[in-house]
Protein chains: 2
Amino acid sequence: MHGEMVPGTSLTLRGIGQEFGTSMTPAREAARRLVAEGALTMSVSGRISTPELANDRIEELASLRGLLETELAVRALPRAHLALIERLTTINSTVAEAIRRGDAVAYIRTNLEFHRTLYLRAQAPAMLALVETVWLQLGPTMRKLYGRMRQGRPPDSHRLILAALRNREEAALRVAVRTDVTKGLRLLMT
Amino acid sequence: MHGEMVPGTSLTLRGIGQEFGTSMTPAREAARRLVAEGALTMSVSGRISTPELANDRIEELASLRGLLETELAVRALPRAHLALIERLTTINSTVAEAIRRGDAVAYIRTNLEFHRTLYLRAQAPAMLALVETVWLQLGPTMRKLYGRMRQGRPPDSHRLILAALRNREEAALRVAVRTDVTKGLRLLMT
DNA sequence: CATGCGGGATTGTGATCACAACGGTGGTGC
DNA sequence: GCACCACCGTTGTGATCACAATCCCGCATG
């Protein structure tokens with residue numbers, strides 16, 4: 001799943017099938033679906049590999065995250081009651097834990113869970129599906145990102161998001177989500 | 001393609017394969033991909049059909065079009081030189097022609113071509129791909145839309161878009177694209 | 001006439017196979 | 001020593017088949 005593979009890894013249908021104990025038919029379908037979503041790359045000859053994202057593509061995907069996730073957060077805002085905020089706070093502490101441990105995969109996973117939990121409240125499944133597509137495309141690259149932010153200290157943008165939710169401040173929420181989503185990815189574009 | 005089928009039509013893999021002169025394997029893969037993109041619906045038993053969109057889903061997709069297409073248009077604006085605007089004007093006249101003839105499929109097709117031609121200039125392939133996904137989801141429903149706007153007169157929002165492009169007015173372009181994209185779909189939600 | 005039910009036809013799924021295309025590696029010629 | 005080429009192994013594709021789940025139609029029963 002998210003962030004477990006290094007960009008540029010090449011996959012084979014028979015390999016995937018064997019890995020999951022099935023024939024190559026389901027592997028083929030899964031692979032083609034992921035290719036359609038942009039999570040995998042297919043060469044003209046059909047060879048499959050995890051994509052290496054160019055900088056302008058990363059910028060594009062970061063913009064998409066900014067656009068879509070602010071909208072989702074704003075839609076979730078009026079429905080975000082206390083129980084949700086507490087759950088988000090809990091998830092956020094596990095995010096901090098993963099960062100402290102230096103566990104890249106756990107960090108990516110829990111960080112996305114934080115966002116997904118919030119966005120689920122937006123009751124906008126199509127929008128959420130598009131965001132997950134973007135996440136999938138960024139997956140292999142997020143891995144690289146983590147190597148550069150090993151300061152061991154969690155970013156405080158999640159705290160800002162939680163504060164904005166608590167205070168019902170739409171404008172602050174927009175800013176907090178946009179910076180949280182954008183900041184990490186920008187520094188990946190050297 | 002876009003808007004050729006009525007919502008609720010059910011498809012069979014063998015039927016699709018036969019229609020395109022292939023076996024059911026390619027049909028299956030295409031169907032699964034379209035299901036993943038939301039352009040087709042799959043029942044729990046795997047039966048495939050074109051989706052009937054509920055109103056809140058339509059509202060969501062309209063919002064997505066507004067978000068993504070304004071961004072694409074704004075990104076295309078600085079690169080939109082005269083030749084592009086002229087090409088768009090030509091396409092727009094074929095849109096008007098389709099409306100005059102009452103040809104629903106041609107209208108949907110040329111209308112989307114108008115938008116795609118503009119957005120291609122944005123040099124943002126991932127964003128454009130997401131928009132095409134949204135269009136695909138709206139495909140069967142756009143068909144219904146046309147039945148209600150048979151006044152035979154083309155909407156003038158395309159003219160507003162062209163004017164904003166010519167005058168290099170970003171704000172006006174945002175408004176024009178958003179209303180063009182949103183207006184038609186809102187009236188579908190009775 | 002409505003309603004429930006049984007069985008046959010239809011449908012999607014996963015497996016396997018033949019095949020064509022591609023890539024990598026070893027050898028050869030310069 | 002280096003570049004090029006041919007060949008073999010590997011890979012994806014499309015077809016076909018067996019099978020299980022499911023739907024649909026007709027019939028019988030109340």
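Just so it is clear: chains get the letters A, B, ... in the order the sequence lines come, proteins before strands, and each one is counted from 1.
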Mind calculating the distance between [atom1] ([X]) and [atom2] ([N]) to the nearest angstrom?
X	N	atom1	atom2	answer
A/Arg33	C/dT13	CZ	P	13 Å
B/Met24	C/dT11	CE	C1'	8 Å
A/Glu29	C/dT13	CD	P	7 Å
B/Gln18	D/dG14	CD	C1'	16 Å
A/Arg14	D/dG9	CZ	P	15 Å
B/Leu13	C/dT13	CG	P	6 Å
A/Leu11	D/dT10	CG	C1'	15 Å
B/Phe20	D/dG14	CZ	P	14 Å

Would a hydrophobic clustering, with Ile, Leu, Val, Met, Phe, Trp and Tyr connected at side-chain separations under 4.5 Å, put B/Leu13 with B/Leu11?
yes
Taking all heavy atoms of B/Pro51 and all of B/Gly38, pick out the closest pair and write down the distance.
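Heavy-atom minimum between the residues: CG-O, 4.1 Å.
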Is a donor-acceptor contact shorter than 3.5 angstrom present between the side chain of A/Arg28 and the base of D/dG14?
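Answer is yes: a donor-acceptor pair is held.
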Is B/Arg116 paired with B/Glu113 through a side-chain N to carboxylate O contact shorter than 4.0 Å?
no
Identify whether any heavy atom of B/Thr22 sits under 4.0 Å from a base atom; if not, whether one sits that close to sugar-phosphate; answer base, sugar-phosphate or nothing.
sugar-phosphate
For B/Ile16, answer base if it contacts any base atom (sugar-phosphate contacts may also be present), sugar-phosphate if it contacts only those atoms, and nothing otherwise; contact means non-hydrogen atoms under 4.0 Å.
nothing
Relative to the ring of B/His158, is the ring of B/His115 parallel (under 30°), tilted (30 to 60°) or perpendicular (over 60°)?
perpendicular
Nucleotide of [options] approaching [X] most closely (side-chain heavy atoms):
X	options	answer
A/Thr12	D/dT16, D/dT13, D/dG12	D/dG12
A/Ser23	C/dG12, D/dG12, C/dA15	C/dA15
A/Met42	D/dA15, D/dT13, C/dT11	D/dT13

Side chains of A/Ser63 and A/Glu59: any donor to acceptor distance under 3.5 Å?
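Yes, side-chain donor-acceptor contact under 3.5 Å.
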Hey, which sits more toward the 5' end of DNA chain C by its nearest nucleotide, A/Thr25 or A/Ser43?
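Whichever sits nearer the 5' end wins; that is A/Thr25.
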Would you tell me if any nitrogen or oxygen in the side chain of B/Ser45 comes within less than 4.0 Å of OP1 or OP2 on D/dT22?
no
So, is B/Arg47 close to the C/dT10 phosphate, meaning a side-chain N or O under 4.0 Å from OP1 or OP2?
no
